[in-house]
Q: 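The structure follows.
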Amino acid sequence: MTIIRTENLVFEYRKDDESPPVKAIGGVNIDIEAGSFTAIIGRNGSGKSTLAKNINALLLPTGGAVYVDGFRTSDEGALWEVRRRAGMVFQNPDNQIVSAIVEDDVAFGPENLGIAPDEIRRRVTDALRAVDMYEARAKSPHMLSGGQKQRVAIAGVVAMRPKCIVFDEPTAMLDPRGRREVMDILLSLHRDGITVVLITHFMEEAVKADRVVIMDAGEIVMDGPPPAVFARSDELRALQLDVPLTVELCDRLRRRGHDVPEGIVAVEEMVACLCR
Amino acid sequence: MSISVENIVYIYGEGTPYETVALNGVSLEIADGEFVGLIGHTGSGKSTLVQHLNGLLKPKSGRVFVGGAEIGAKGAKPVEIRKKIGFLFQYPEYQLFEETVYKDIAFGPTNLGLSKEETDERVRESMAVVGLDFDAFAQRSPFDLSGGQKRKAVIAGVIAMRPEVLILDEPTAGLDPRSQRDVLEMLERIKADRRVIVILISHNMGDVARVADRVVVLEKGRVALSGSPAEVFAHEEFLDSIGLGLPPVTELMRRLRLGGVDVEGSPLDVDEAEELLDRYLREAAAR
């Protein structure tokens, strides 16, 4: 079942009234399956964040349409239906936290949905457990590490019980442990059935997805499972992107004449190949 | 020009319920022209430490010397010290504000009271250092640049002040792979010049391993490790335990080894890893 669909999505903006429109997205068609994990990669300015913001109606298409769980984002009256289904997590946790106490912060979203207090309490508890921050529920967010703050921000989204969460470079500002923590939470939400869309510059994160979408100049240029996409390493480099280290090293060993099959992405696969 | 930090202690919110010892006896010597990578998890004291170098913070105890002058001593002029220290904060592109790249870079030198000619010379020189072509970029609006170009423009503005110490806080965070490589190559050029001390704060272990002469690890307000990248990243379990980790290629080789690939060595870059794996496969084929 498709949960997110874009139909010939175009997004243009103007820097000011006089300048000509700039096309950030030029006709994107994509269907995202419910319960899937999709990674979107592209250089700065490729349109990937603009696409993400069109998914939860932070931006509305200037051409074409975006549907979330059947609701068209540009329909008046659909806004809250869209937002309660598609949550969003941003790069900087400090900009996403609104309260002085962790559990108040997580309750903020459900409160705005007009949910009954008992139900809010239940959701906040569940959400904090899901991100492993229940013990810190009475703390002040500014006392937490970057990774912990980001987990609280994720809990705030989880408490809205969305079907889909779009993560826009959620680990870019975190230290290595914070990065691991956030990726672990993201994977466990995916296992629980939430549709995950992850925008990232880290290829090692994209490798964990079911599907990798490469964007360039506002268009989708590659789309497929990680082994298929990362096997096209020369094209990726031409787009000024990186490939995962495993792919890079296997490429280099192949060039040196070793018999290493294409399509190795996971470390376990590389181990299996080298141990033959 | 060298830096000497002697046993400094700094406490945030002393006497309040939030009292936190941020630096708990840090000593550090940095030699002229040295390129230091400063690593540690969020809250380990990295930012607090570097803010002592230009007198933004004063230690509760201990002393800080920059180029022989003690910071915060009687008669010391904070302005003179701040001129020597170029600071690049996180996400510095938010500090761009002028209409053109030229004006943005010229802002500092102009405020120093330099003549038009001298300012012009400095703008050209610093654009060359960061690798922004003068003819292509000087008259463009800084807001039209890509993420990596914006970072370079801000760094050029700092370099135009001719600092003797350059402190960079996460200069590649949030950039795409191509821009990250650009900024790293710029850092390597600055390093090759050996004209300034560079202190690079980063969560990217790969970047640090690639450019730093020396890696300093802060943990709980103390220097936990200090040495060459090879020496420091040999402490994989310790680094893991304090929430850091290894450069990606070092980590990959470790995981190959744990998976049963019998390959020696802890390479810090991909070329070295390629050599090791090539040799491993040749020997395996010969057996």
Side-chain angles (χ1 to χ4, degrees), chain A residues 15 22 41-46 48 91-92 140 142-149 169 171-181 200-204 236-237 239-246 248-253 255-260 266-276, chain B residues 18 20 39-44 90-91 141 143-144 146-150 170 172-182 202-206 239-240 242-246 248-249 251-263 270-271 273-278 280-282 284-285:
Chain A
K15 282 195 190 113
V22 180
I41 300 175
R43 63 180 120 169
N44 294 339
S46 60
K48 53 192 189 325
Q91 206 177 81
N92 189 344
S140 167
H142 82 267
M143 304 296 282
L144 305 176
S145 74
Q148 291 171 328
K149 278 190 234 175
E169 295 188 50
T171 64
M173 298 186 74
L174 305 181
D175 60 22
R177 175 178 289 165
R179 230 177 269 160
R180 258 200 315 267
E181 287 171 358
T200 185
H201 287 314
F202 292 108
M203 302 302 147
E204 327 312 302
L236 287 167
R237 288 191 197 96
L239 292 168
Q240 305 184 338
L241 294 172
D242 269 350
V243 294
L245 259 177
T246 44
E248 171 75 28
L249 275 169
C250 288
D251 276 0
R252 289 180 178 215
L253 292 172
R255 251 177 267 142
R256 284 183 176 232
H258 296 293
D259 175 26
V260 178
V267 178
E268 299 71 36
E269 293 163 352
M270 192 165 168
V271 168
C273 160
L274 294 175
C275 281
R276 276 174 311 173
Chain B
Y18 297 115
T20 310
I39 61 177
H41 62 78
T42 314
S44 60
Q90 278 184 33
Y91 290 78
S141 162
F143 302 101
D144 287 342
S146 74
Q149 288 162 350
K150 279 184 191 162
E170 295 287 355
T172 62
L175 295 181
D176 62 23
R178 164 66 195 266
S179 306
Q180 288 195 18
R181 269 200 298 277
D182 272 5
S202 181
H203 290 321
N204 187 321
M205 303 300 134
L239 292 173
D240 226 31
I242 61 169
L244 294 177
L246 299 174
V249 71
E251 175 64 23
L252 174 61
M253 290 294 273
R254 183 170 81 119
R255 287 178 61 193
L256 290 178
R257 211 166 28 238
L258 290 175
V261 180
D262 184 18
V263 53
V270 184
D271 294 342
E274 179 187 349
E275 288 299 328
L276 287 169
L277 287 173
D278 177 57
Y280 165 81
L281 284 173
R282 272 176 214 293

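Computed from a predicted model, the values in this text were never measured in an experiment. So you know, we letter chains A, B, ... as the sequences are listed, proteins then strands, and number each from 1.
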Q: Nearest 0.5 angstrom please: M205(B) CE to D175(A) CG, how far?
A: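 One finds 8.0 Å between CE of M205(B) and CG of D175(A).
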Q: Shortest non-hydrogen contact from G174(B) to N44(A)?
A: O-OD1, 4.0 Å
Q: Against chain B, label E248(A) side chain, backbone, both or neither, depending on which of its atoms sit under 4.5 Å from a heavy atom there.
A: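 Only the side chain of E248(A) comes within 4.5 Å of chain B.
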Q: For side-chain contact (heavy atoms from CB on, under 4.5 Å), just list the numbers for R43(A) and R178(B), CA-CA rounded to whole Å, side-chain angles, deciding distance to a tenth of an Å, and then say yes or no.
A: CA-CA 8 Å; R43(A) 63 180 120 169; R178(B) 164 66 195 266; 5.9 Å; no
Q: Please give me the minimum heavy-atom distance between V271(A) and G259(B), naming the atom from each residue.
A: CG1-O, 3.3 Å
Q: Side chain, backbone, both or neither: which part of D182(B) has a non-hydrogen atom closer than 4.5 Å to chain A?
A: neither
Q: Looking at CG of D176(B) and CG of L239(A), how far apart are the two atoms once the value is rounded to the nearest 0.5 Å?
A: 11.0 Å
Q: Calculate, to the nearest 0.5 Å, the distance between atoms CG and CE belonging to L277(B) and M270(A) respectively.
A: 5.0 Å
Q: Less than 4.5 Å to any heavy atom of chain B: does that hold for the side chain of E268(A), its backbone, both, or neither?
A: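 For E268(A), the contact with chain B is made by the side chain alone.
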Q: Counting only heavy atoms closer than 4.5 Å, note whether D240(B) contacts chain A via side chain, backbone, both or neither.
A: both
Q: Which region of E274(B), side chain (C-beta onward) or backbone (N, CA, C, O), has a non-hydrogen atom less than 4.5 Å from a non-hydrogen atom of chain A, or is it both or neither?
A: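 Contact with chain A: backbone and side chain both.
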Q: At a 4.5 Å cut-off on heavy atoms, which part of T246(A) comes close to chain B: side chain, backbone, both, or neither?
A: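 Both parts, heavy atoms under 4.5 Å.
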Q: Just how far is it from atom CG of D242(A) to atom CD of Q180(B), taken to the nearest 0.5 Å?
A: 7.5 Å
Q: What part of L174(A) gets within 4.5 angstrom of chain B, counting heavy atoms only: side chain, backbone, both, or neither?
A: backbone
Q: Could you check D278(B) against R252(A) for salt bridge (Lys or Arg N to Asp or Glu O under 4.0 Å), going step by step and ending with a plain yes or no?
A: CA-CA 9 Å; D278(B) 177 57; R252(A) 289 180 178 215; over 6 Å; no
Q: Applying salt bridge (Lys or Arg N to Asp or Glu O under 4.0 Å) to R256(A) and E275(B), what does each step give before you reach the verdict?
A: CA-CA 10 Å; R256(A) 284 183 176 232; E275(B) 288 299 328; 2.7 Å; yes
Q: Side chain, backbone, both or neither: which part of L274(A) has an atom under 4.5 Å from a heavy atom of chain B?
A: both
Q: So for F143(B), is it side chain, backbone, both, or neither that comes closer than 4.5 Å to the heavy atoms of chain A?
A: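 Contact with chain A involves no heavy atom of F143(B) at all.
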Q: Drop me the distance from T42(B)'s OG1 to L144(A)'s CG, to the nearest 0.5 angstrom.
A: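 If I round to the nearest 0.5 Å, the distance is 11.5 Å.
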Q: Does a sphere of radius 6.0 Å around CZ in R255(B) hold more than 12 heavy atoms from other residues, nucleotides or ligands, not counting ones at 6.0 Å or beyond?
A: no
Q: Given heavy-atom pairs under 4.5 angstrom as the criterion, report whether the side chain, backbone, both or neither of R257(B) touches chain A.
A: neither
Q: Who among G243(B), G245(B), G40(B) has the most heavy-atom pairs with chain A under 4.5 Å?
A: G243(B)
Q: L244(B) and P176(A): which non-hydrogen atoms are nearest, and at how many Å?
A: O-CB, 3.5 Å
Q: Would you sort out whether I242(B) and R177(A) count as a side-chain contact (heavy atoms from CB on, under 4.5 Å), showing the intermediate values?
A: CA-CA 8 Å; I242(B) 61 169; R177(A) 175 178 289 165; 5.5 Å; no
Q: Where do V270(B) and L245(A) come nearest, in terms of heavy atoms and distance?
A: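 What the structure gives for the nearest pair is CG2-CD2, 3.7 Å.
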Q: Going by the side-chain contact (heavy atoms from CB on, under 4.5 Å) test, name the single residue among M203(A), Q240(A), R237(A) that passes it with P177(B).
A: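 Checked M203(A), Q240(A), R237(A) against P177(B); only one passes side-chain contact (heavy atoms from CB on, under 4.5 Å): M203(A).
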